[in-house]
Number of protein chains: 2
Amino acid sequence: MNTLTPKKIAIRERETRILELARRMVVSGGYNGLGLDSIASELGVSRGTIYNHFKCKEEIILALLVETMDIRREMFQRAAMYQDIPRVRLTGIGVAAELFVRLYPDHFRMEQIVRLDSIWDKTTEERRALVKSCQMQCVGIVAGIVRDGMAQGHVTLPDGVTPEALVFGLWSMTEGAYSIIATSDAVTELGMSEPFLSIRHNTQVLLDGYGWKPLLEERDFHAEMEVLVRKIFPEEFAQLKQVW
Amino acid sequence: MNTLTPKKIAIRERETRILELARRMVVSGGYNGLGLDSIASELGVSRGTIYNHFKCKEEIILALLVETMDIRREMFQRAAMYQDIPRVRLTGIGVAAELFVRLYPDHFRMEQIVRLDSIWDKTTEERRALVKSCQMQCVGIVAGIVRDGMAQGHVTLPDGVTPEALVFGLWSMTEGAYSIIATSDAVTELGMSEPFLSIRHNTQVLLDGYGWKPLLEERDFHAEMEVLVRKIFPEEFAQLKQVW
DNA sequence: ACGTTTTCTGACGATTTGTCAGAAAATGAG
DNA sequence: CTCATTTTCTGACAAATCGTCAGAAAACGT
């Protein structure tokens, strides 16, 4: 049971190195930008060795996706645990989402690429289950806050509208916005200066549209975000001070 | 100057055939699913002939993107021309967006794939300009309606919020939602049944959040959509009757 | 009918992926 | 330390695909 032989350690280290290099390549050149030959030569090993770690290219990509989604899930969990009224906690989730995108743009871009490139057929069921589970956890976290808000009478959803439908709205808006920012380089040219501020505002406006108390005019959620980011994500904030 | 020689006609026809086949391949297998060899053999010509039409694979993909974006732009223009109060016209744009996604899912999926795959370096500046122009026109159309709404006093944007910021919100939400539907096969498993209805509702809620008159409770915009789709997009509606 | 232009072909080199038999290295027992 | 066994690594190989190009074939015009 002793897994600590020096060789095993070296192998484990190499695996993380592989993923590091792979991520950089996928980000800069998409699926086809990832060349196993380049990775191998950069690591000073042969291509066959890479195949000892991952059965195929697609498994590498999916491993990257899992890493990525895990980071966000952890950040969501931290935000959801914050002690305050539901709307502020929801705002915290928004802060987490923005921090994630800005701190780890490579991860986010990766996620987008991987979701669309049709790599899924060749991957193992096991790893795919990991992805799905992570996604469900994220949705569950946010839906839980919405249910808290309903329980406390801060928001009442119309007939036929589920908490998940509201989550879907927030998720759509942020996911879509970050995706537009990432892909269409001309966002500012299109007249959308400061897209991140717009996203923060638009999500709050959506909650206002649902009548979620307290409304934006009753409480300064934008100032609240400043507090949240420092309290919940101190180290992350430190890294991002210049752009926040 | 006579371009109607039978040979030229045959060539032009073949070009559309190429794009048809290419779209099907990209949709089902992404960038790598598109094999020039398959196209050539299916058309009964050699691979070299394909290269007489397009300089490289990437140019084929970009040609597909232009086709796609043109269809949507045309639908947006039709919706924007509708004679009614601004909020109804905006609702018409939403109807157009949904119709587009549901009528031409292949086009939409294509668009997503292409935006992310890094093909842009190899393409001609000319075709890239076409894409950009189309995008700016779409944003311009919607922003125009927002300005109309402001001019008529139906909505007042807070200080520092531009009409484009509101457009960005709507665009993000719809784009993000359709993208989630398209990529994460488990939307319904995640508790989001009837995602298209949710999108319609969420966009209206966002407008409510901005205080855009008349509000959702004052006027039944969901019923309005039924009217709009029949009036503005009669043939499109006919094709989609079963799923609408 | 025939010379000229356009179009088409298919073989070629280059690149990349995944495999696998044998080489090399690590491990462990005496 | 030695040697047998297990694990790991290598690099050559087959297969697929992209883009090119010289020469063949077809179309065109006179």
Side-chain angles (χ1 to χ4, degrees), chain A residues 1-18 21-22 24-26 28-64 114 117-124 127, chain B residues 1-18 21-22 24-26 28-64 114 117-124 127:
Chain A
M1 270 305 117
N2 192 354
T3 62
L4 296 175
T5 89
K7 185 64 184 173
K8 300 278 181 191
I9 292 174
I11 290 178
R12 191 167 298 202
E13 264 170 20
R14 190 173 46 207
E15 188 149 321
T16 72
R17 285 274 295 154
I18 291 175
L21 291 171
R24 221 176 302 160
M25 289 177 177
V26 171
S28 80
Y31 174 91
N32 291 309
L34 170 58
L36 300 197
D37 232 338
S38 316
I39 291 185
S41 74
E42 196 140 351
L43 286 180
V45 299
S46 79
R47 245 210 350 281
T49 302
I50 309 286
Y51 282 92
N52 278 357
H53 291 270
F54 301 95
K55 229 181 38 272
C56 59
K57 233 177 128 174
E58 282 73 14
E59 282 282 303
I60 297 182
I61 302 231
L62 212 45
L64 292 176
V114 174
D117 255 307
S118 23
I119 61 168
W120 301 87
D121 307 338
K122 297 190 194 167
T123 56
T124 56
R127 236 187 262 270
Chain B
M1 270 305 117
N2 191 352
T3 61
L4 297 175
T5 89
K7 184 65 184 174
K8 299 278 181 192
I9 292 175
I11 291 178
R12 190 167 297 203
E13 263 171 20
R14 189 172 49 208
E15 188 150 321
T16 71
R17 284 274 295 156
I18 291 175
L21 291 172
R24 221 176 303 161
M25 288 178 178
V26 170
S28 80
Y31 175 90
N32 290 310
L34 172 57
L36 300 198
D37 235 337
S38 315
I39 291 185
S41 74
E42 196 140 353
L43 286 181
V45 298
S46 80
R47 242 207 354 281
T49 301
I50 309 286
Y51 283 92
N52 278 356
H53 291 270
F54 301 95
K55 229 177 43 269
C56 59
K57 233 177 128 173
E58 283 73 13
E59 281 281 303
I60 296 182
I61 303 232
L62 212 46
L64 292 176
V114 174
D117 255 307
S118 25
I119 62 167
W120 301 87
D121 309 337
K122 296 191 194 167
T123 56
T124 57
R127 238 187 262 268

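Just so it is clear: chains get the letters A, B, ... in the order the sequence lines come, proteins before strands, and each one is counted from 1.
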- Rounded to the nearest angstrom, tell me the gap between atom CG in A:Leu43 and atom C1' in D:dT10. 15 Å
- Message: Looking at B:Lys8, I'd like to know whether one of its side-chain N or O atoms comes within less than 4.0 Å of OP1 or OP2 on D:dC28.
- Response: no
- When rounded to whole Å, the NZ to P distance for the pair B:Lys55 and D:dC18 reads 16 Å
- Query: Going by modelled atom types, is there a donor-acceptor pair between the base of C:dG18 and the side chain of A:Arg47 at under 3.5 Å?
  - Reply: yes
- Comparing nearest nucleotides in DNA chain C, the 5'-proximal residue of the pair A:Leu36, A:Gly48 is A:Leu36
- Taking only side-chain nitrogens and oxygens of B:Thr49, does any of them come within less than 4.0 Å of OP1 or OP2 of C:dT9? yes
- Query: Looking at B:Asn52, does any N or O in its side chain come under 4.0 Å of the phosphate oxygens OP1/OP2 on C:dC8?
  - Reply: yes
- Item | Whole angstrom value for the distance that separates P of D:dC28 from CD1 of B:Ile9 | 10 Å
- Item | Nearest-0.5 Å distance, CG of residue A:Leu43 to OG1 of residue A:Thr49 | 9.5 Å
- Query: How is A:Leu34 classified with respect to the nucleic acid when contacts are heavy atoms under 4.0 Å: base, sugar-phosphate, or nothing?
  - Reply: sugar-phosphate
- Note on the structure: note: A:His53, atom NE2; D:dT10, atom P; distance rounded to Å ~ 10 Å
- Task: Round to the nearest Å and state the distance from B:Tyr31 atom OH to C:dT17 atom P.
- Result: 13 Å
- Return the value, rounded to whole Å, for the distance between atom CG of A:Asn32 and atom P of D:dT17. 13 Å
- Message: Between A:Ile60 and A:Ile50, is there a side-chain heavy-atom distance shorter than 4.5 Å?
- Response: yes
- Message: Side chain of B:Arg14 only, heavy atoms from C-beta on: which candidate in C:dG18, D:dC18, C:dT7 is closest?
- Response: C:dT7
- Task: Take the protein atom CD1 of B:Ile50 and the nucleotide atom P of C:dT9, then report the distance between them rounded to whole Å.
- Result: 9 Å
- Task: Round to the nearest Å and state the distance from B:Ile119 atom CD1 to D:dG19 atom P.
- Result: 12 Å
- Among A:Leu62, A:Leu34, A:Ile119, the one residue meeting side-chain contact (heavy atoms from CB on, under 4.5 Å) with A:Lys57: A:Leu34
- Taking the side chain of A:Ser46 as heavy atoms from C-beta outward, which of D:dT10, D:dC18, C:dC8 is closest to it? D:dT10
- On a heavy-atom basis, the closest approach of A:Arg127 and A:Ala63 is NH1-CB, 3.4 Å
- Note on the structure: d(A:Thr16 OG1, A:Leu21 CG) to nearest 0.5 Å is 9.5 Å
